[in-house]
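When reading the values below, keep in mind they use all heavy atoms of this one structure, side chains included, and skip hydrogens, waters and symmetry mates.
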Amino acid sequence: MGEFKVHRVRFFDYMPSAIRAMVFSTRTERLALARADGALEIFNFSDNYFQEKVLPGHDGRAVEALCWVGPRLFSAGLNGEITEYDLENLRPRYTVEAYGGPIWTISVNSQGTLLAVGCEDGTVKMFEVLKERIQFQRNLDRQKGRIISLSWHPSGTLIAAGMMDMIRIFDAETGRATHRLLVDRGAGASKSKEVVVWSIAFLSDHTIISSDSAGKVQIWDGLNGTLIRTHLITKWDVLALSVSQDESSLVAGTSEGTVVQFQFISSTVDRLDKDWVRTRTFKNHSHDVRALAHTETAVVSGGMDTQLVVRPLLDKVEKNTRESAMRKVSFPHRSLVCCAKKAGLLLFQFPDHLELWRLGESDGYGKLGGSLPVKRGPEKLIQLKRKGEDHICCSALSPCGGWLAYSTVTSFRLYRLQNGSISICKVSKLPKDLLPAHQLCFSTNSSKLFASSSNSSVVVVALNELECKYLGTLKAKYGCRQPVHQLSASDNGKWLATANTDCEVHVYNLDKLKLHCTVPVYGSCPTAMAIHPTTSNLVVVHADQQIFEYSLVKKEYTEWSRRLQKQGLHSMWLERDTPITHVTFNPKNPAHIIVHDMFMFCIIDKSLPLPEAKNVLYNQMALRSLPEPDRVLHSHGFKICKDFQHLLCVSLLEDHSLVVVERPLLDIVSQLPAPVRQKKFAT
Amino acid sequence: MTLQNNMAKNQRGEAAPSSRMTGRERQMGGFSLLLESSDDEGPEEVTFEDSKADARRSMKRALDTARREKELLKEKRRKRQELFQEQKKRKLLSAEVLEEIDSTKQEQSHVKAEEEAEPEEVEGRKRNWKQNAARNLKGNYTVTTVKQSTLASSQLKAAEDFLHSRMYGPGSRRTTSNEMLSLENKMGKNKSAAVQFVKKNWACQKKAKAEKLKKTWIHMQQIPSS
């Protein structure tokens with residue numbers, strides 16, 4: 001197979017941001033997630049929970065709540081603004097000031113016509129949802145405390161608002177507050193602190209369910225304004241609630257990291273007296289759970305530990321299948337590391353700055369598995385802080401290490417690096433067609449820069465010594481509106497492949513600057529792709545872990561790809577729950593494809609037989625224990641290495657050494673904010 | 001104060017004891033009336049004038065003590081006001097020094113010595129001043145306006161503070177990531193030590209302190225033996 005010298009990189013201090021709010025749209029099967037730094041992420045739940053789109057954050061956006069109105073996404077934040085997002089161009093469409101101080105919550109009625117926001121000054125403001133915008137309609141009766149949570153009654157006539165120490169029920173038509181439900185404060189020391197009703201749900205039978213900072217989930221009768229039942233589920237706060245579509249199940253998220261499920265079932269066999277009964281408790285988080293979504297088959301939770309957890313409910317899915325496995329999304333499903341193969345440089349993308357590092361050097365020769373002495377350590381060459389308040393959307397480094405580009409939603413910057421990438425100077429006169437891009441890519445000889453733009457088009461610019469000239473725009477066929485999230489240029493400079501979130505893969509001929517061909521659409525979104533330097537085969541890996549190889553010259557799938565599809569991929573390969581984020585090739589061996597996900601990297605050898613269903617997929621350790629001649633009999637084409645965890649990027653440099661960028665999850669956990677203090681017996 | 005006054009009056013031998021004694025005498029006189037009812041002695045005659053004089057004296061004394069107290073308070077207040085004025089002047093003085101373009105090092109050190117003599121309350125100001133001095137030493141500096149914080153941003157900060165205080169403020173019973181991970185180590189299937197001992201680059205300061213303590217202890221042990 002081959003021996004590689006591995007650069008084990010652990011100096012990328014990647015720190016994800018806490019999850020603040022989430023909302024699921026049953027119609028489109030998409031989950032929208034808001035993080036503490038203002039970034040928004042869209043996950044496609046029908047495509048193996050792939051992170052389809054990422055909208056970069058903004059300083060001071062402080063999103064507190066999200067809301068789907070049909071296919072439109074709205075957010076409200078502590079900056080007092082309601083923002084609608086353009087999900088095709090990955091940017092905010094417009095913002096509307098609510099003039100009520102910080103907004104704590106946003107909720108839409110079941111008809112999709114009115115948007116209600118709860119503000120710091122105690123008003124619930126109603127906005128009409130119009131075709132292209134929202135318009136302020138009126139305020140409901142102003143209250144004396146801040147409105148922390150809101151819930152519409154499914155009929156659209158009543159609104160329940162959770163405030164400090166109480167819950168108010170409003171008549172949505174007249175705007176008057178009809179009932180006031182007083183919430184008990186906690187016992188003991190918390191008696192002096194006001195209790196905050198963090199979350200509230202209004203069911204169609206006029207039952208109100210509230211969760212508060214005293215650790216209670218309370219069931220109220222909304223018609224009479226009386227308390228039916230109190231469940232004390234934790235000593236800390238219950239921060240989030242989510243009710244299922246059919247109102248038979250409810251989940252509550254606490255500061256301890258537990259998610260408690262309540263179900264509306266009867267205690268006896270006959271279905272006469274149904275009641276909300278506490279059924280399951282999930283402990284999937286180490287820190288506070290701040291956002292919850294209850295889909296038809298699963299409970300989705302996220303919080304201060306930055307991981308998104310999808311827990312399928314075993315009474316809704318079949319046990320011991322792929323659907324019933326718990327899924328954790330810890331790393332983004334796109335690459336944040338750019339490796340300059342010729343220069344041995346790494347570019348790390350942070351939300352607010354970029355870091356350029358030079359890899360260290362080592363002379364020695366060691367045996368397998370040993371570590372080599374480092375002659376010259378890695379050094380940070382440049383730290384580039386972004387201009388403005390928008391976070392960095394995408395960045396790229398040219399393979400020779402001479403050019404650096406990054407884009408935010410409002411601006412695009414290109415820099416020239418000289419003197420061995422130590423000095424940096426900005427290229428000022430950029431062509432005006434170079435709008436802010438979603439994805440960037442340099443050509444292998446660093447003469448061209450490709451930037452993906454709106455409507456799945458790609459802008460091509462030529463790079464000379466210190467200037468940049470617009471060459472042309474590559475347009476996809478009419479009707480492609482989704483953003484391009486994958487760009488890959490071939491080594492010979494002839495082809496450019498693009499993939500958008502609508503699962504369309506287009507290949508352009510760069511000599512003629514025209515569309516060359518479109519790969520047949522496959523149902524799952526591409527997560528990584530690359531063009532082979534010598535054979536010009538396009539290798540595409542999808543979110544459902546399928547691999548395809550398409551010949552650009554012949555415009556058809558290659559023979560190996562057909563063989564792979566016929567035999568099918570190994571079940572262990574298909575059951576992996578993190579997507580492949582990077583595809584690269586080995587210059588010394590054209591039959592190799594190197595791919596990696598968060599937990600492993602794999603060298604696929606096309607010349608070896610494909611693993612059959614009965615073979616063991618992870619057989620590297622076993623093969624090593626076998627004697628030489630036996631190895632050939634048992635080996636198959638998928639060589640998987642799990643020595644390095646948790647991977648952010650695996651790349652192959654020109655000098656045939658591997659670069660492995662690791663970010664152990666323990667290092668991330670150690671920098672998270674304080675968890676609650678649990679007193680355990682005998683500790 | 002009244003007691004002190006009385007004692008002072010006693011030392012001076014004034015009327016106070018006599019009035020007291022008169023009072024006692026009166027009391028005793030009262031008793032004597034009861035006990036020696038057969039005595040032929042008539043009660044002591046106290047003229048109206050005498051009692052009027054007594055009453056006037058006691059009132060005067062009371063007024064005197066009140067006046068003295070007021071004066072003492074006034075004195076205290078005046079002294080405190082003076083002290084504040086002094087401190088204010090000193091602070092202004094340091095600003096003056098800053099405004100000078102060519103301030104020599106000697107002068108600064110002299111003023112610094114003055115600053116150090118100040119009481120604890122102006123510690124914060126002293127630190128500010130020192131920083132300013134450091135900046136001034138470099139020579140050329142520019143003045144820029146601080147970014148205007150709008151109403152929205154101040155409200156945002158207030159809301160975030162509220163959220164932070166509810167979740168992490170007093171009474172939130174939180175612990176550190178180190179403790180949580182150490183607990184997992186202790187309770188897990190393969191029990192191991194607390195994370196700061198397992199990971200090499202954790203708790204560096206504590207480890208350095210422990211090293212130092214160890215060295216001192218060994219040194220101490222070696223001294224008596226040598």
> Heavy-atom distance under 4.5 Å to chain B: side chain of A:Ile148, backbone, both or neither?
Replying inline: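 For A:Ile148, side-chain heavy atoms alone lie under 4.5 Å from chain B.
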>> Can you tell me which portion of A:Glu64 sits under 4.5 Å from chain B's heavy atoms? Options are side chain, backbone, both or neither.
In response: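 Contact with chain B involves the side chain of A:Glu64 alone.
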>> Tell me which of these, B:Lys186, B:Glu184, B:Met187, has more heavy-atom pairs under 4.5 Å with chain A than the rest.
In response: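 Among B:Lys186, B:Glu184, B:Met187, the one with the most close pairs to chain A is B:Met187.
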> Which region of B:Gln155, side chain (C-beta onward) or backbone (N, CA, C, O), has a non-hydrogen atom less than 4.5 Å from a non-hydrogen atom of chain A, or is it both or neither?
Replying inline: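 Both backbone and side chain.
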>> Please classify the contact of B:Ser182 with chain A as side chain, backbone, both or neither, using a heavy-atom distance under 4.5 Å.
In response: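 Interface part for B:Ser182: neither.
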Nearest heavy atoms of [X] and [Y], plus distance in Å:
| X | Y | value |
| --- | --- | --- |
| A:Ala62 | B:Glu160 | CB-OE2, 3.9 Å |
| B:Tyr168 | A:Ala674 | CE2-O, 3.3 Å |
| B:Ala152 | A:Asn79 | CB-O, 4.4 Å |

> So, does B:Arg173 use its side chain to make a donor-acceptor pair with the main chain of A:Lys235 at under 3.5 Å?
Replying inline: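 The answer is yes, because a donor-acceptor pair under 3.5 Å joins these two groups.
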>> As an exercise: rank A:Glu120, A:Arg146, A:Gln678 by heavy-atom pairs under 4.5 Å with chain B and give me the winner.
In response: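 Maximum pair count with chain B is reached by A:Arg146.
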> So, do B:Thr175 and A:Pro675 sit near enough that their side-chain heavy atoms are less than 4.5 Å apart?
Replying inline: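 A side-chain contact exists here, since the closest heavy-atom pair is under 4.5 Å.
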> Tell me, do B:Arg166 and A:Glu194 make a side-chain contact under 4.5 Å, heavy atoms counted?
Replying inline: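 Side chain of B:Arg166 against side chain of A:Glu194, heavy atoms only: contact under 4.5 Å found.
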Spacing of [X] atom [atom1] and [Y] atom [atom2] [to the nearest 0.5 Å]:
| X | Y | atom1 | atom2 | value |
| --- | --- | --- | --- | --- |
| A:Ile668 | B:Ser177 | CD1 | OG | 12.5 Å |
| B:Leu163 | A:Arg20 | CG | CZ | 6.0 Å |
| A:Ile103 | B:Leu156 | CD1 | CG | 11.0 Å |
| A:Trp198 | B:Met167 | CH2 | CE | 7.0 Å |
| A:Asp305 | B:Met180 | CG | CE | 8.5 Å |

[X] atom [atom1], over 12 foreign heavy atoms within 6.0 Å:
| X | atom1 | value |
| --- | --- | --- |
| A:Lys380 | NZ | yes |
| A:Lys193 | NZ | yes |
| B:Lys209 | NZ | no |

> How are the rings of A:Trp104 and B:Phe162 set relative to one another: parallel (under 30°), tilted (30 to 60°) or perpendicular (over 60°)?
Replying inline: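 Ring orientation of A:Trp104 relative to B:Phe162: perpendicular.
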